[in-house]
Amino acid sequence: MCHTLMSVQKVIWIIIEDSQKPTDLVTKLIQRCNVEIVHLAIPTSSDYRAEKGKPAHSKSRGVEQRNAGLNWLRENYSSHNCSGVFYFGDDDNKYDLRLFEDIHNTQIASVWKVAWVGGLKWEGPTCQNGRATSWHSVFETELREFPLDMAGFAVHLCQLMKHPEARIGVNIHGDRSKGGHLETDFLQHFANKSSVECRGSESETYVWHSKTSSPSLYGEKNGHSSKSVETR
């Protein structure tokens with residue numbers, strides 16, 4: 001993520017750790033990364049932590065961290081100083097630099113395809129003349145106005161200032177979002193299907209939900225490697 005953003009012009013990277021305070025591990029990374037960075041930390045409350053024995057996705061993840069990022073934007077920008085676009089990037093995604101070129105062109109809210117997500121090779125809008133003509137998805141497509149992944153949209157910063165009520169995890173009626181509905185509930189604060197802008201390519205994807213998983217370290221059963229070498 002650091003090396004990707006080092007190739008992007010005019011970008012501020014807001015890193016929010018799921019922690020009581022910023023950790024030394026991430027702080028050291030930031031010191032090596034030639035990107036303008038804001039480093040925040042907020043731990044996930046018990047309200048959003050999966051119960052013991054249940055999968056992590058049984059509760060919506062990253063809600064409080066993303067809202068902390070939105071709060072920082074509102075505290076540091078205003079309706080008179082909002083010439084930018086915000087995007088929820090994840091550290092387990094891979095990005096084509098063309099994605100960030102398209103993000104810069106967002107007028108209100110823009111959407112695009114995301115690969116390897118939602119049980120499909122790609123999920124998101126089918127576009128024509130800059131507008132979404134249909135949506136490619138298999139998860140509650142009829143119940144979500146915007147059936148897409150968190151990595152599949154961006155919003156102009158001025159829109160965030162116009163809608164102080166908009167935050168992750170709450171729909172336009174003020175009710176708590178259902179699981180899998182964080183994206184559509186948030187995006188509905190700013191746009192609808194007819195006004196949202198289509199970005200990206202009709203034939204390619206510019207972002208991949210590649211995920212992170214634990215590596216196979218079967219050779220480390222006896223502590224073969226030196227613990228003095230940091231590998232995380």
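Basis for what follows: all heavy atoms, side chains included, without hydrogens, waters or symmetry-related copies.
Scanning all heavy atoms of the two residues, the minimum distance from Arg74 to Ala166 falls at NH2-O, 2.7 Å. The two atoms that bring Thr141 and Pro147 nearest to each other are CG2-CG, 4.2 Å, heavy atoms only. When every heavy atom of Thr44 is checked against every heavy atom of Tyr48, the shortest pair comes out as CG2-CB, 3.7 Å. Considering all non-hydrogen atoms of both residues, His189 and Glu165 come closest at ND1-OE2, 3.5 Å.
Ile168 and Trp72 fall within the same hydrophobic cluster, defined by Ile, Leu, Val, Met, Phe, Trp and Tyr side-chain heavy atoms under 4.5 Å apart, directly or through other members. There is a path of hydrophobic side-chain contacts, each under 4.5 Å, that joins Leu40 to Leu73. Residue Ile42 is grouped with residue Met150 when hydrophobic side chains (ILVMFWY) are merged at heavy-atom distances under 4.5 angstrom, including chains of intermediate members. Tracing side-chain contacts under 4.5 Å through hydrophobic residues (I, L, V, M, F, W, Y), one reaches Phe88 starting from Leu157; they form part of the same cluster. Val170 is not connected to Leu160 by any chain of hydrophobic side-chain contacts under 4.5 Å among Ile, Leu, Val, Met, Phe, Trp and Tyr, and they are in different clusters.
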> Yes or no on side-chain contact (heavy atoms from CB on, under 4.5 Å) for Lys178 and Glu140, after CA distance, side-chain angles and deciding distance?
Replying inline: CA-CA 11 Å; Lys178 293 172 52 181; Glu140 298 190 356; 4.1 Å; yes
>> Walk me through whether Val111 and Glu197 qualify under side-chain contact (heavy atoms from CB on, under 4.5 Å).
In response: CA-CA 6 Å; Val111 295; Glu197 309 150 36; over 6 Å; no
>> Checking Asn192 against Ser195 for the side-chain hydrogen bond (donor to acceptor under 3.5 Å, both in side chains) test, could you report, in this order, the C-alpha distance in whole Å, the side-chain angles of both residues, the deciding distance, and whether it holds?
In response: CA-CA 5 Å; Asn192 54 46; Ser195 65; 3.2 Å; yes
> Between His181 and Leu143, is a side-chain contact (heavy atoms from CB on, under 4.5 Å) present by the stated rule, with each step listed?
Replying inline: CA-CA 9 Å; His181 287 244; Leu143 299 178; 4.0 Å; yes
> Which is it for His39 and Glu17 under the side-chain hydrogen bond (donor to acceptor under 3.5 Å, both in side chains) test, yes or no, and what are the steps along the way?
Replying inline: CA-CA 8 Å; His39 190 187; Glu17 288 196 72; 2.8 Å; yes
> Run the side-chain hydrogen bond (donor to acceptor under 3.5 Å, both in side chains) check on Ser137 and Arg144 step by step: do they pass?
Replying inline: CA-CA 10 Å; Ser137 174; Arg144 296 187 295 158; 3.0 Å; yes
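One finds the CD atom of Glu64 at 7.0 Å from the CG atom of Asp47 (value rounded to the nearest 0.5 Å). Taking CD from Glu202 and OG1 from Thr126, the interatomic distance works out to 8.5 Å, rounded to the nearest 0.5 Å. The distance from the NZ atom of Lys193 to the CD atom of Gln188 is 9.5 Å, given to the nearest 0.5 Å. Atom-to-atom distance recorded for Ser83:OG and His156:NE2 is 7.0 Å, nearest 0.5 angstrom.
Looking at Phe186 and Phe146, their side chains never come closer than 4.5 Å, going by heavy atoms from C-beta outward. In this structure the side chain of Phe153 never reaches within 4.5 angstrom of the side chain of Ser110, judged on heavy atoms.
No donor-acceptor distance shorter than 3.5 angstrom exists from the side chain of Asp175 to the backbone of Asn171, with no hydrogens or angles considered. At least one donor-acceptor pair closer than 3.5 Å links the side chain of Thr184 to the backbone N or O of Glu145. Side-chain atoms of Arg66 come within 3.5 Å of backbone N or O of Arg61 as a donor-acceptor pair. With Ser177 contributing its side chain and Leu182 its backbone, the two residues share no donor-acceptor pair below 3.5 Å. Of the possible donor and acceptor atoms, one in the side chain of Gln107 sits under 3.5 Å from a partner among the backbone N and O of Asn105.
Taking the charged nitrogens against the carboxylate oxygens, Arg176 and Asp185 have no contact shorter than 4.0 Å, which rules out a salt bridge. A salt bridge links Arg98 to Glu204: one of the charged nitrogens lies within less than 4.0 Å of a carboxylate oxygen.
Every residue two or more places apart in sequence or in another chain was checked for a side chain to side chain donor-acceptor pair (under 3.5 Å) with Glu36, and none qualifies. With sequence neighbours excluded, the residues that form a side-chain contact (heavy atoms from CB on, under 4.5 Å) with Cys127 are Pro125, Cys198.
Both tests hold for Lys113 against Trp122: distance to the six-membered ring centre under 6.0 Å, angle to the ring axis within 45°.
Under a 4.5 Å side-chain heavy-atom cut-off, the cluster of Ile, Leu, Val, Met, Phe, Trp and Tyr residues that includes Tyr206 is completed by Met1, Leu5, Met6, Val8, Val11, Trp13, Ile15, Val26, Ile30, Val35, Ile37, Val85, Tyr87, Tyr95, Leu97, Leu99, Phe100, Ile103, Trp112, Val114, Val117, Val207.
The neighbour count for Arg167 CZ, taken as heavy atoms of other residues, nucleotides or ligands under 6.0 Å away, does not exceed 12. Enclosure of atom CG in Asn34 is not indicated, since only 12 or fewer non-hydrogen atoms of other residues, nucleotides or ligands lie within 6.0 angstrom.
Here the rule is side-chain contact (heavy atoms from CB on, under 4.5 Å) with Val155, and of Leu70, Thr106, Leu187 only Leu187 fits it.
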